4 protein chains.
Amino acid sequence: MTTSTNSGRAKPPAKEGTTGRRRAKGTPALASERRDHLVKLAAELFARKGFQATTVREIADEAGILSGSLYHHFDSKESIVDEILSNFFTELMAQNRAVIDEGGTPYEIIASLVRIAFNTLEPHRAAITVMQNDWNYLKGLERFEYLTKAEDEVEKMWITAIKEGQVTGTFREDIDPKLTYRMIRDTIWVAVRWFRPGGRLNAKGLSDHYLKVMFDGIVVH
Amino acid sequence: MTTSTNSGRAKPPAKEGTTGRRRAKGTPALASERRDHLVKLAAELFARKGFQATTVREIADEAGILSGSLYHHFDSKESIVDEILSNFFTELMAQNRAVIDEGGTPYEIIASLVRIAFNTLEPHRAAITVMQNDWNYLKGLERFEYLTKAEDEVEKMWITAIKEGQVTGTFREDIDPKLTYRMIRDTIWVAVRWFRPGGRLNAKGLSDHYLKVMFDGIVVH
Amino acid sequence: MTTSTNSGRAKPPAKEGTTGRRRAKGTPALASERRDHLVKLAAELFARKGFQATTVREIADEAGILSGSLYHHFDSKESIVDEILSNFFTELMAQNRAVIDEGGTPYEIIASLVRIAFNTLEPHRAAITVMQNDWNYLKGLERFEYLTKAEDEVEKMWITAIKEGQVTGTFREDIDPKLTYRMIRDTIWVAVRWFRPGGRLNAKGLSDHYLKVMFDGIVVH
Amino acid sequence: MTTSTNSGRAKPPAKEGTTGRRRAKGTPALASERRDHLVKLAAELFARKGFQATTVREIADEAGILSGSLYHHFDSKESIVDEILSNFFTELMAQNRAVIDEGGTPYEIIASLVRIAFNTLEPHRAAITVMQNDWNYLKGLERFEYLTKAEDEVEKMWITAIKEGQVTGTFREDIDPKLTYRMIRDTIWVAVRWFRPGGRLNAKGLSDHYLKVMFDGIVVH
DNA sequence: CATGAATGAGGGTTCATTCAT
DNA sequence: AATGAATGAACCCTCATTCAT
């Protein structure tokens with residue numbers, strides 16, 4: 001895969017002469033509890049207000065420390081969101097690849113991919129929200145190229161499955177695989193905007209409903 | 001509808017003894033060509049970089065003037081995006097209401113609403129992009145309450161039509177009207193992210209394809 | 001006297017290369033009604049909000065024209081306030097000098113000077129308010145040196161009269177003429193802050209009361 | 001008294017999810033030396049140039065830091081002047097109330113109030129200057145309502161004492177208590193414009209002179 | 001006389017980040 | 001680990017003034 005793990009611990013010698021000597025002496029505490037906690041707080045804020053609209057001071061406030069102190073844990077605001085997103089993508093891609101590796105009918109594969117996506121909605125709500133809302137901004141940054149690469153990989157999985165389904169006669173011939181993929185993909189992720197765990201529907205209900213509509217349409221046959 | 005027309009032409013509360021009779025005699029010149037041009041430039045930038053990430057200096061640069069000069073035409077950055085969005089919503093809502101007023105079978109109504117939406121994708125690409133990407137931020141501002149109100153109105157149109165279709169036996173009983181509406185709505189607007197006029201598909205092709213999938217599903221029956 | 005009449009019609013070649021060609025072709029309409037009206041409007045605003053806090057746009061708004069159009073009548077915001085203040089000072093100084101020229105006992109002179117001052121409170125309310133509130137700022141500008149000069153002239157009138165009164169035995173020997181003058185002067189002008197024509201007291205009532213206290217004190221003798 | 005202590009140390013409404021627990025544990029460090037120093041520098045500038053005419057950049061320059069750095073200590077320019085004024089008013093009102101609480105003849109009370117005021121002239125020169133020159137502007141701001149309230153309280157003290165003095169026969173019946181109070185009040189504060197500590201007169205000399213004139217008048221009896 | 005568009009300098013403020021302690 | 005002070009760049013916006021039409 002391509003999902004980077006450069007979660008900001010060793011800043012890639014970008015920008016100007018950042019010395020990047022932080023965490024150079026053995027770097028053990030990569031995933032200290034404190035750090036994880038901070039990431040979670042930041043994720044909530046990013047999700048609620050957007051990445052750009054959230055200030056490091058707000059994150060620090062939420063944690064009860066001063067903004068400067070955050071830089072003991074992360075070397076930039078970007079590296080926080082990087083950590084959030086790469087955590088999510090690492091897991092998502094692992095599961096997706098597992099489905100592909102396992103094989104199955106196109107119908108089964110598509111259904112699995114959909115279920116996986118809907119199942120991330122709850123545990124990775126914040127990450128997905130950030131991805132949805134701030135994609136436009138983040139994709140412009142070199143550091144987040146792995147987002148695009150992961151997307152491309154998923155697209156290939158889907159299109160391969162759809163096309164195969166058309167060949168085997170499961171799926172209609174008159175739909176455009178790429179177009180269909182995009183529609184479905186967007187519909188799933190965008191649900192994060194209104195999906196509330198604990199509400200009327202859970203992830204399973206959502207994906208069941210969605211698969212029903214997607215496979216059979218809303219018209220009575 | 002409630003789409004505001006408070007696009008920032010008349011300066012707000014008018015601090016003190018200002019009698020505020022500016023532009024009171026019929027409010028002409030509202031749409032000077034210059035102004036319209038500036039709105040268009042800003043819309044492009046907002047769409048490309050996001051509302052918050054776009055600076056007034058960039059807008060001014062694009063127009064070949066100084067940033068301060070923008071304030072001869074608008075009283076804030078917000079009022080520019082307001083103008084962009086309210087233009088779009090005014091048109092969209094007018095068309096939607098016309099469909100409802102005209103009547104028809106639920107199937108026809110839903111199809112029309114979908115087509116209208118896809119047809120706005122090209123002429124209002126920038127506005128829709130802003131709506132998609134910056135909604136989260138803008139909805140928090142009092143000034144943009146009309147966005148939420150318009151959304152609610154559209155939701156009612158859809159749900160009414162879907163439910164009626166279920167009653168008349170056109171649509172399946174086992175789908176959730178609200179959930180279905182949201183899925184469809186988001187899928188349409190989110191297409192603005194990858195839809196490029198002049199590309200493989202035009203608005204008609206897109207909506208045809210979408211209606212096909214939505215009504216009949218992707219599985220062969 | 002020294003009260004300038006350079007009310008901004010011919011800008012003194014200050015600052016940078018201002019060409020100052022305005023009103024060069026005969027300059028008849030020095031005191032057009034339009035111009036006077038504008039000065040009055042500006043005076044009201046300056047008095048209410050302070051000179052610096054009042055924008056030329058507010059003045060223009062009040063007059064129903066655009067801010068740029070003001071520059072047809074005045075060549076700067078300063079020249080407007082200059083006109084306001086010099087009108088006031090010209091009149092005040094003329095009356096003061098008349099009292100001195102006419103002669104009389106020290107007691108009579110002081111009483112007359114006090115009455116003159118209180119009598120300007122109503123017709124020149126705005127000018128006096130500006131003088132009180134914005135003196136600190138205006139006195140720093142070369143253009144308004146005549147304010148200081150006029151003040152000095154008045155001070156001399158007072159101190160001369162007070163000292164003479166002490167010599168003739170009318171006024172107490174144990175008061176400091178300069179100090180006493182300043183106290184009295186300030187007390188009069190500062191009344192503009194709360195004096196409202198049409199209220200409980202008019203100018204005559206005020207000056208009577210003030211002369212009573214000033215001459216005889218508040219303690220029963 | 002009502003002198004606010006909202007000197008801008010705790011950031012206002014705390015936009016959103018900020019829990020605002022900043023500085024909650026006893027609010028120490030409120031008066032760091034650095035902060036006090038900055039307030040003093042600002043006060044000098046405000047007094048010299050006026051509040052509005054003083055820029056935050058000038059204050060920062062004076063302190064040898066960048067303008068943005070000021071916002072580490074204060075959250076706005078207004079909160080600086082607030083601190084200046086509330087410091088002054090807190091002290092003034094405490095002293096005034098002590099005089100009232102202690103009691104005494106009307107003559108003694110008035111004399112004490114006058115002396116207190118003149119005595120603040122030197123230590124609070126800057127604050128009083130700001131109060132005199134920028135009152136008109138500041139009183140319009142909600143934040144500074146406490147200024148008006150304090151004024152009202154002092155007015156009551158004076159008027160009560162004057163009226164009582166008239167009843168007991170100490171003060172003349174034919175003076176207007178409110179009017180007299182205002183004259184005296186303004187005369188005292190306005191002295192800040194020309195009073196220079198270290199000059200011919202100190203605060204005691206000033207108040208002695210003033211009490212002499214106020215109580216007994218300038219005419220020989 | 002007035003408009004409408006623009007200038008240019010500067011205003012208060014924000015914010016990610018740095019760093020000595 | 002955290003604080004507290006500061007940086008520096010940028011941000012949105014204001015405003016007196018100019019000028020062609």
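Within every chain, numbering begins at 1; the chains are lettered A, B, ... in the order of the sequence lines, protein sequences first and strands thereafter. Every value quoted in this text rests on a predicted model; they were computed, and no experiment measured them. The basis for the numbers below is simple: all heavy atoms, side chains too, and nothing from hydrogens, waters or symmetry mates.
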A:Asp75 has an atom CG; how far is it from atom C1' of E:dT18, in whole Å? 13 Å

Between F:dT3 atom C1' and D:Arg34 atom CZ, what is the distance in whole Å? 16 Å

Proximity to DNA chain E (any heavy atom under 4.0 Å), residues of residues 44-54 of chain D only: D:Thr54

Donor-acceptor pair, B:Arg57 side chain versus B:Ser67 backbone, under 3.5 Å? no

C:Lys139 vs C:Asn136 side-chain heavy atoms within contact, under 4.5 Å: yes

Are any of A:His72's side-chain N or O atoms less than 4.0 Å away from OP1 or OP2 of F:dT3? no

Rounded interatomic separation in angstrom, taking CZ from B:Phe74 and P from F:dC13: 12 Å

Atom-to-atom span, CD of A:Glu78 to C1' of E:dC15 - whole angstrom: 14 Å

Phosphate OP1/OP2 of F:dA5: any D:Arg35 side-chain N/O under 4.0 Å: no

Which value, in whole Å, describes the distance between the C1' atoms of nucleotides E:dC1 and F:dT21? 13 Å

5'-most contact on DNA chain F (nearest-nucleotide basis), A:Ser69 vs D:Ser69, goes to A:Ser69

About how many Å separate CD of B:Glu83 and CG of B:Asp36, when rounded to the nearest 0.5 Å? 7.0 Å

Heavy-atom closest pair (C:Tyr71 atom, C:Ser76 atom, distance to 0.1 Å) is CE2-CA, 4.0 Å

If you round to the nearest 0.5 Å, how far is CD1 of C:Ile84 from CE of C:Met131? 13.5 Å

Any B:Tyr71 side-chain N or O less than 4.0 Å from OP1/OP2 of F:dT14: no

Rounding to an integer number of Å, can you tell me how far D:Tyr137 OH sits from E:dG11 P? 15 Å

Sorted by chain and number, sequence neighbours left out, side-chain contact (heavy atoms from CB on, under 4.5 Å) with A:Phe144 holds for A:Glu78, A:Val81, A:Asp82, A:Leu85, A:Leu138, A:Leu141, A:Tyr146, A:Leu147

Taking every heavy atom of A:Ser32 against every heavy atom of A:Arg35, the minimum-distance pair comes out as OG-N, 3.0 Å

Atom CG of A:Asp36 to atom P of F:dA1: distance rounded to whole Å? 13 Å

Exercise: identify the closest heavy-atom pair between D:Ser79 and D:Asp75: OG-N, 3.5 Å

What is the separation between atom CG on B:Leu70 and atom C1' on F:dC11, rounded to the nearest whole Å? 14 Å

Which residues in residues 56-67 of chain D have a heavy atom closer than 4.0 Å to any atom of DNA chain E? D:Val56, D:Arg57, D:Ser67

For residues 37-53 of chain D, which side-chain N or O atoms pair as donor and acceptor with protein atoms under 3.5 Å away, sequence neighbours left out?
{"from": "D:Glu44", "atom 1": "OE1", "to": "D:Arg125", "atom 2": "NH2", "distance (Å)": "3.0"}
{"from": "D:Lys49", "atom 1": "NZ", "to": "D:Glu58", "atom 2": "OE1", "distance (Å)": "3.4"}
{"from": "D:Lys49", "atom 1": "NZ", "to": "D:Glu58", "atom 2": "OE2", "distance (Å)": "2.7"}

Report yes if the side chains of B:Asn133 and A:Tyr137 come closer than 4.5 Å at any heavy-atom pair, otherwise no. no

Sorted by chain and residue number, the salt bridge (Lys or Arg N to Asp or Glu O under 4.0 Å) partners of B:Glu62 (sequence neighbours excluded) come out as none

Grab the NZ-P distance between B:Lys77 and F:dA10 for me, whole Å please. 15 Å

Does E:dA6 have OP1 or OP2 under 4.0 Å away from a side-chain N or O of B:His73? yes

Give me the bend of the helix from E:dA2-F:dT21 to E:dT21-F:dA2, using the axes of the five pairs at each end, rounded to 10°. 10°

Return the OG1 to NZ distance between A:Thr55 and A:Lys77, rounded to the nearest 0.5 Å. 7.0 Å

